[in-house]
Amino acid sequence: MEKIEEKVKKTIAKYNLIGKKDKVVVALSGGKDSTSVLYILQKLGYNVEGLMIDLHLGEWSKIHRKNMEKFCDELNVKLTVVDLKKELGMGICFIKSVLKEQKNLTGCTVCGVIKKWILNKWAKRLKADKIATGHNLDDECQTVLMNFLKGNIYLGINSSPATGVPNKGFVQRVKPLFFIPENEIRAYSKKMKFPILYDKCPCAIGTYRVETRAWMENFSGREKLKIVENFQKLIPKLRKKHKTIIQECKICGEPSSTNICNACKIFSCVKNVKK
Ligand code: AMP
Ligand code: ZN
């Protein structure tokens, strides 16, 4: 078995991420990370399905969607594609442009909030026990450093291999690649000849995350691991100081730490513009 597959197996066992009876919905972006997660979890004998959000980012989304349809077909895995325009009545570019103008919100935040909201809703609809994402060691390391530089390490309080505060409205999100460096996943995915694109999201240009990624370039895998592992050690202490209370969003009913969830705050901004 490949080293990376062994590492995934260990992470699953150590953090009790998934059970053999669980229905696992793998959130597929079409990139190397989530594609590898789907492939490895199926190989390890887990009950997997694919869930992809078509964000309508032009040709880029079309190619990713086609690739995932082909890939899931070859693996004989069910794939559900949620069309953002059908789901929300608009594509991600429009939403992002409104939020930029009205709230000066840029970067990947808006997209991230909407993706999480849709994935949770649809995972419940699909009766999933877990949502698996392709977040890797580099993503996690970036998040720790970005939160630190923003002066708010509490933002990372839920960043663990199994995220989310236990709540009946949440489908727990798990990250089997949490401790695996991005370059190892890229090499694995290329070796396996997965039918995918390796370019970055066209929206992620000049964002804080991209800048952080650039100055992290000379970090070794060991250093990234140390940063992420040391932050994991801090989390129990941070959680004691900062209790998150989960309630139902007053508008959509989805779980939220405030009475109106972040997704609904975004939608209300966009609705005002459409009127
Ligand atoms: P990103 O936020 O783009 O770095 O993606 C992190 C993880 O979120 C990916 O590895 C996927 O598991 C999931 N994800 C990202 N984009 C999508 C999408 N369009 N549809 C479904 N899942 C996604
Ligand atoms: Zn809401």
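This is a predicted model, so every value here is computed, not measured.
Between K3 and Y188, every side-chain heavy-atom pair lies at or beyond the 4.5 Å cut-off. Contact check for V37 versus V48: no side-chain heavy atoms found under the 4.5 Å cut-off. Contact check for I95 versus L88: side-chain heavy atoms found under the 4.5 Å cut-off. Taking the side chain as every heavy atom from C-beta outward, F231 and N147 never approach each other to under 4.5 Å. Residues L38 and M68 form no side-chain contact, since every pair of their non-hydrogen atoms from C-beta on lies 4.5 Å or further apart. You'll find the side chain of D73 stays beyond 4.5 Å of the side chain of E69, heavy atoms only. In this structure, D83 and R65 have side chains that are in contact, with non-hydrogen atoms separated by less than 4.5 Å. For the pair I131/W122, no side-chain contact is recorded, criterion being any heavy-atom separation below 4.5 Å from C-beta on.
Of all the heavy atoms in P161 and Q232, the pair that sits closest is CD-OE1, 3.8 Å. Contact detail for R239 and S160: the closest heavy-atom pair is NH2-OG, 3.3 Å. The two atoms that bring S61 and D54 nearest to each other are CB-OD1, 3.5 Å, heavy atoms only. V24 approaches A132 most closely through the heavy-atom pair CG1-CB, 3.8 Å. The two atoms that bring V270 and M90 nearest to each other are CG1-SD, 3.2 Å, heavy atoms only. Contact between I157 and I235 at its shortest, heavy atoms only, is O-CG2, 3.6 Å.
L234 and L155 fall into different hydrophobic clusters, where Ile, Leu, Val, Met, Phe, Trp and Tyr residues are linked whenever their side-chain heavy atoms come under 4.5 Å apart, directly or through other members. Under a hydrophobic-cluster definition in which Ile, Leu, Val, Met, Phe, Trp and Tyr are linked whenever side-chain heavy atoms come within less than 4.5 Å, directly or via other members, I251 and F267 are assigned to different clusters. Taken together through direct or relayed side-chain contacts under 4.5 Å among Ile, Leu, Val, Met, Phe, Trp and Tyr, F148 and W215 form part of one hydrophobic cluster. A chain of hydrophobic side-chain contacts below 4.5 Å, direct or via other Ile, Leu, Val, Met, Phe, Trp or Tyr residues, connects I227 to Y154. The hydrophobic clustering, which links ILVMFWY residues whose side-chain heavy atoms are closer than 4.5 Å, places L57 and L119 together.
H56 contributes no side-chain N or O that, together with a main-chain N or O of G91, makes up a donor-acceptor pair within less than 3.5 Å. Under the 3.5 Å distance criterion, the side-chain polar atoms of N120 are matched with a main-chain donor or acceptor of V171. Remark: side-chain polar atoms of T163 are not paired, donor with acceptor, to backbone N or O of S159 under 3.5 angstrom. Under the 3.5 Å distance criterion, the side-chain polar atoms of Q42 are matched with a main-chain donor or acceptor of L75. The closest donor-acceptor contact from the side chain of E223 to the backbone of S220 lies under 3.5 Å.
Residue D22 holds its CG atom at 10.5 Å from CG of L17, rounded to the nearest 0.5 Å. Atom-to-atom distance recorded for D129:CG and K23:NZ is 8.5 Å, nearest 0.5 angstrom. Distance check: I180 CD1 to E140 CD gives 12.0 Å after rounding to the nearest 0.5 Å. In this structure, CG on L149 lies 7.0 Å from OG1 on T212, to the nearest 0.5 angstrom. Between atom NZ of residue K70 and atom NZ of residue K66 there is a gap of 12.0 Å, rounded to the nearest 0.5 Å. The SG atom of C141 sits 12.5 Å away from the NZ atom of K226 when rounded to the nearest 0.5 Å.
Using a 4.0 Å cut-off between charged side-chain N and carboxylate O, E182 and K224 make no salt bridge. With respect to K10 and E6, no salt bridge is recorded, no charged nitrogen being found less than 4.0 Å from a carboxylate O. The pair E5-K9 does not count as a salt bridge, with every side-chain nitrogen at least 4.0 angstrom from each carboxylate oxygen.
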C72 vs L28, test: side-chain contact (heavy atoms from CB on, under 4.5 Å). Steps then yes/no.
CA-CA 10 Å; C72 289; L28 290 173; 3.8 Å; yes
Assess whether side-chain contact (heavy atoms from CB on, under 4.5 Å) is satisfied between V228 and F178, documenting all intermediate values.
CA-CA 9 Å; V228 169; F178 197 86; 3.4 Å; yes
Passes side-chain contact (heavy atoms from CB on, under 4.5 Å), I92 versus K96? Steps please.
CA-CA 6 Å; I92 201 73; K96 286 185 76 156; 4.2 Å; yes
Would you please test T258 and K265 for side-chain contact (heavy atoms from CB on, under 4.5 Å) and show each step?
CA-CA 11 Å; T258 45; K265 284 177 194 158; 3.6 Å; yes
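When the shell of 6.0 Å around NZ of K21 is examined, it contains 12 or fewer heavy atoms from other residues, nucleotides or ligands. N230 CG: more than 12 foreign heavy atoms inside a 6.0 Å radius. Residue K130 places its NZ atom among more than 12 non-hydrogen atoms of other residues, nucleotides or ligands, all under 6.0 Å distant. Atom CD of Q102 has more than 12 neighbouring heavy atoms from other residues, nucleotides or ligands inside a 6.0 Å radius. Annotation for D199: atom CG counts as buried by contact number, over 12 foreign heavy atoms lying within 6.0 Å.
Considering K168, K124, K121 as possible partners of E254, the one that fulfils the salt bridge (Lys or Arg N to Asp or Glu O under 4.0 Å) test is K124. In summary, of the residues considered (I53, V25, L51), a side-chain contact (heavy atoms from CB on, under 4.5 Å) with T80 occurs for L51 alone.
Inspection of the Y198 and S189 side chains reveals an N or O donor paired with an N or O acceptor under 3.5 Å. For the residue pair T244/S257, the side-chain donor-acceptor check at 3.5 Å is not satisfied.
Considering only residues two or more places apart in sequence or on other chains, T133 meets the side chain to side chain donor-acceptor pair (under 3.5 Å) condition with H135.
Aromatic ring pairs are classed by plane angle as parallel below 30°, tilted from 30° to 60° and perpendicular above 60°; the pair F71 and Y39 is tilted.
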